[in-house]
Amino acid sequence: MKIDKESPLPIYYQLKEFLKESIEKGEWLPGQLIPSERELSERFGISRMTVRQAVTDLVRDGYLKRQRGKGTFVAEKKIERSLGLVTGFTEEMLLRGHVPGTEVKGFAVLPADPEMAQLLQIEEGASIYEIKRLRLADGIPMAFETNYIPVERLPGLTKEKMERSLFEYVENELSLTISHGRRNIEASIARKGESHILGIPEGSPVLLIRGITYFSDGKPMEIVKSIYRGDRYTFTVDLRRGST
């Protein structure tokens with residue numbers, strides 16, 4: 001590829017698209033070290049500042065990642081998850097061709113505080129499960145999830161059952177119907193404990209998701225709080241134009 005300095009397209013953009021295409025075609029593989037700014041500058045006959053701008057854009061877009069003192073590498077491809085349907089983590093990973101995994105990091109029964117009781121539509125002080133799980137895809141940590149579930153609605157729940165799919169247990173073994181849910185998503189950063197369990201540096205970008213899942217009778221099944229790695233996960237949603 002040659003940079004066309006007479007083109008109306010900015011030089012940095014031409015380089016960016018070339019590097020992006022090399023990644024998408026598999027010419028550069030995930031984890032591979034890309035040439036240095038100096039090498040790219042000399043190869044294409046452009047300034048290092050221009051190279052830096054193209055590389056920075058690709059880091060921001062998730063195609064590349066920088067490692068201090070080591071260089072710039074091709075980033076692992078992000079897992080895409082749809083927000084249009086109520087699906088569990090295990091279902092979504094299988095759908096995307098990944099091997100799901102779960103490690104239960106905490107399993108306790110607690111009394112519901114006033115806020116939890118209101119959200120779960122139970123009496124204050126009623127027993128709820130607090131379950132903390134690390135969710136993996138192909139053995140790689142993807143999300144740290146905390147579930148709050150009324151004991152009265154899933155009385156036989158155990159730590160061993162939570163090492164598998166909660167949705168599968170509820171629908172296939174208990175023959176209950178999960179009908180709908182609500183999720184709120186916001187950008188955040190990984191704090192010390194979260195970064196350690198997810199295997200990412202403290203302060204790394206994460207997606208913080210809070211939500212409620214409901215049975216078909218309208219009663220809440222769970223409150224869930226999930227922290228997803230921003231470098232490995234992306235969420236998509238299909239939109240339709242409404243009438244005005």
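Note that this is a predicted model, so its numbers are computed, not measured. For the single chain, residues carry numbers from 1 onward in sequence order.
Applying the salt bridge (Lys or Arg N to Asp or Glu O under 4.0 Å) rule to E21 yields the partners K25; only residues at least two apart in sequence or on another chain are considered. Residues satisfying the salt bridge (Lys or Arg N to Asp or Glu O under 4.0 Å) test with E27, not counting sequence neighbours, are none. Under the side chain to side chain donor-acceptor pair (under 3.5 Å) criterion, D57 pairs with no residue, sequence neighbours left out. The side chain to side chain donor-acceptor pair (under 3.5 Å) search around S41 returns none, not counting sequence neighbours. Residues passing the side-chain contact (heavy atoms from CB on, under 4.5 Å) test with S7 are D4, L9, Q14, sequence neighbours excluded. K159 meets the side chain to side chain donor-acceptor pair (under 3.5 Å) test with no other residue; sequence neighbours excluded. Annotation: salt bridge (Lys or Arg N to Asp or Glu O under 4.0 Å) contacts of R43 (sequence neighbours excluded): none. For the side chain to side chain donor-acceptor pair (under 3.5 Å) test, residues two or more places apart in sequence or in another chain that qualify with R210 are E186.
For the pair L15/V51, a side-chain contact is recorded, criterion being any heavy-atom separation below 4.5 Å from C-beta on. For the pair V151/Y129, a side-chain contact is recorded, criterion being any heavy-atom separation below 4.5 Å from C-beta on. Contact check for L157 versus I131: side-chain heavy atoms found under the 4.5 Å cut-off. At least one side-chain heavy atom of R66 sits under 4.5 Å from a side-chain heavy atom of V55. Contact of the E24 side chain with the K20 side chain is registered, since non-hydrogen atoms from C-beta on lie closer than 4.5 Å. Within the 4.5 Å cutoff, side-chain heavy atoms of V206 are placed close to those of I200. A 4.5 Å side-chain heavy-atom check between M162 and E160 finds every atom pair outside the cut-off. I178 is listed as a side-chain neighbour of F167, based on a closest heavy-atom distance under 4.5 Å.
Note that NZ of K16 and CD1 of I11 are 15.5 Å apart. Values are rounded to the nearest 0.5 Å. Atom CD1 in I227 sits 10.0 Å away from atom OG in S195 (nearest 0.5 Å). Separating the OG1 atom in T56 from the OH atom in Y12 is a distance of 11.0 Å, to the nearest 0.5 Å. For the atom pair CG of L134 and OG1 of T102, the computed distance is 8.0 Å after rounding to the nearest 0.5 Å. With rounding to the nearest 0.5 angstrom, the CG atom of L166 is 9.5 Å from the OG1 atom of T90. Atom CZ of residue R182 and atom CG of residue N184 lie 6.5 Å apart, to the nearest 0.5 angstrom.
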Distance-only donor-acceptor hits, side chain of residues 28-38, under 3.5 Å, sequence neighbours excluded:
from : atom 1 : to  : atom 2 : distance (Å)
Q32  : OE1    : L29 : N      : 3.0
S36  : OG     : E39 : N      : 3.1
S36  : OG     : E39 : OE1    : 3.3
E37  : OE1    : R52 : NE     : 3.3
E37  : OE1    : R52 : NH2    : 2.9
E37  : OE2    : R52 : NE     : 3.2

Show me the donor-acceptor pairs within less than 3.5 Å that the side chains of residues 105-128 make with the rest of the protein, sequence neighbours left out.
from : atom 1 : to   : atom 2 : distance (Å)
K105 : NZ     : E103 : OE1    : 2.9
D113 : OD1    : E115 : N      : 3.2
D113 : OD1    : M116 : N      : 2.7

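Annotation for P100 and H98: closest pair CD-O, 3.3 Å, computed over non-hydrogen atoms. For the pair A137 and M93, the tightest heavy-atom approach, listed with the atom from each and the gap, is CB-SD, 3.7 Å. Contact detail for V170 and L174: the closest heavy-atom pair is O-CB, 3.2 Å.
A chain of hydrophobic side-chain contacts below 4.5 Å, direct or via other Ile, Leu, Val, Met, Phe, Trp or Tyr residues, connects I46 to L40. Taking hydrophobic clusters as Ile, Leu, Val, Met, Phe, Trp and Tyr residues chained together by side-chain heavy-atom distances below 4.5 Å, M142 shares a cluster with L207. Put simply, I197 and L136 are part of the same group of oily side chains (I, L, V, M, F, W, Y) that touch within less than 4.5 Å, one to the next. The hydrophobic clustering, which links ILVMFWY residues whose side-chain heavy atoms are closer than 4.5 Å, places M221 and Y169 together. Transitive grouping of hydrophobic side chains (ILVMFWY, heavy atoms separated by less than 4.5 Å) brings I3 and L19 into a common cluster.
In this structure, F44 has its ring center closer than 6.0 angstrom to the ring center of F18.
A donor-acceptor pair under 3.5 Å links the side-chain atoms of R153 to the main chain of P220, judged by distance alone. With hydrogens and angles ignored, the 3.5 Å screen pairs a side-chain donor or acceptor of S179 with a backbone N or O of F215.
Within the structure, the salt bridge (charged side-chain N to carboxylate O under 4.0 Å, His left out) test picks out no pair touching residues 193-208 (sequence neighbours left out). For residues 125-139, the salt bridge (charged side-chain N to carboxylate O under 4.0 Å, His left out) pairs, not counting sequence neighbours, are R133-E145, R135-E145.
Taking the six-membered ring where the residue is Trp, H180 and Y214 present parallel rings, their angle staying beneath 30° rather than reaching 60°.
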